[in-house]
Amino acid sequence: MDRGTWVLTGCLVLAVALWWQFPVMVSGDQGVGELAPSWKARTLDGREIGSSALSGQIVLLDFCATWCPPCRREIPGFIELQKTYGDRGLVVVGASVDRGGVKV
């Protein structure tokens with residue numbers, strides 16, 4: 001097969017996979033009543049934070065990077081969400097995937 005045929009085949013396989021999973025993705029009942037996987041991380045000041053300490057709260061866990069323009073644009077919105085809904089149990093946690101450590 002030539003390259004165009006491979007690309008077309010790959011797109012077709014992807015389209016079928018998405019079509020097959022679409023009802024599951026939009027049904028909204030996947031994971032309902034289940035606990036999220038446990039996790040732990042270090043804060044910028046070296047403290048440990050994790051899912052067990054946030055039990056009973058609504059946690060928005062965002063993975064971002066300083067080199068990612070869309071990530072940088074969404075941070076003010078997350079700060080506003082935390083200010084608005086923090087007293088109702090919302091906790092916004094930003095997890096940086098930068099490789100440069102705290103300096104970055």
Side-chain angles (χ1 to χ4, degrees):
M1 281 195 256
D2 65 348
R3 183 177 177 177
T5 304
W6 278 109
V7 170
L8 183 60
T9 303
C11 290
L12 181 60
V13 168
L14 180 60
V16 169
L18 289 173
W19 173 78
W20 187 268
Q21 286 299 310
F22 187 73
V24 174
M25 292 187 298
V26 298
S27 70
D29 58 355
Q30 188 174 2
V32 172
E34 297 177 22
L35 292 176
S38 63
W39 54 271
K40 290 181 185 178
R42 293 243 176 247
T43 63
L44 290 174
D45 60 4
R47 293 179 296 122
E48 188 175 272
I49 188 171
S51 55
S52 61
L54 302 173
S55 181
Q57 296 177 301
I58 301 165
V59 179
L60 190 158
L61 177 57
D62 177 55
F63 293 91
C64 58
T66 58
W67 47 262
C68 170
C71 298
R72 293 174 67 129
R73 282 193 300 271
E74 70 188 5
I75 290 172
F78 289 144
I79 292 170
E80 191 60 36
L81 280 173
Q82 180 66 56
K83 287 179 183 176
T84 304
Y85 299 105
D87 61 344
R88 298 188 215 173
L90 176 68
V91 177
V92 178
V93 177
S96 172
V97 296
D98 287 307
R99 294 187 179 169
V102 176
K103 292 181 248 174
V104 176

Is it true that atom CH2 of Trp67 has more than 12 heavy atoms of other residues, nucleotides or ligands lying nearer than 6.0 Å? no
Within this structure, what is the CZ-OG distance for the pair Phe63 and Ser96, rounded to the nearest 0.5 Å? 11.0 Å
Check whether any side-chain heavy atom of Arg47 lies under 4.5 Å from a side-chain heavy atom of Arg42, and answer yes or no. no
Carefully, step by step, assess Leu81 and Ile79 under the rule side-chain contact (heavy atoms from CB on, under 4.5 Å). CA-CA 5 Å; Leu81 280 173; Ile79 292 170; over 6 Å; no
In this structure, NZ of Lys40 is separated from OG of Ser51 (nearest 0.5 Å) by 8.5 Å
I need the single residue from Arg73, Arg72, Glu74 that forms a side chain to side chain contact (heavy atoms under 4.5 Å, CB included) with Pro70. Which is it? Arg73
Tell me, do Phe78 and Val93 make a side-chain contact under 4.5 Å, heavy atoms counted? no
Hey, what do you get for CD (Gln57) to CG (Leu90), rounding to the nearest 0.5 Å? 9.0 Å
Test salt bridge (charged side-chain N to carboxylate O under 4.0 Å, His left out) applied to Asp87 - qualifying residues, sequence neighbours left out: none
If you measure from OG1 on Thr66 to CD1 on Ile75, what distance do you get to the nearest 0.5 Å? 9.0 Å
Between Val59 and Trp39, what is the shortest heavy-atom contact and its length? CG1-CZ2, 4.3 Å
Applying the side chain to side chain contact (heavy atoms under 4.5 Å, CB included) criterion to Val91, which one of Leu54, Ile58, Leu60, Leu61 satisfies it? Leu54
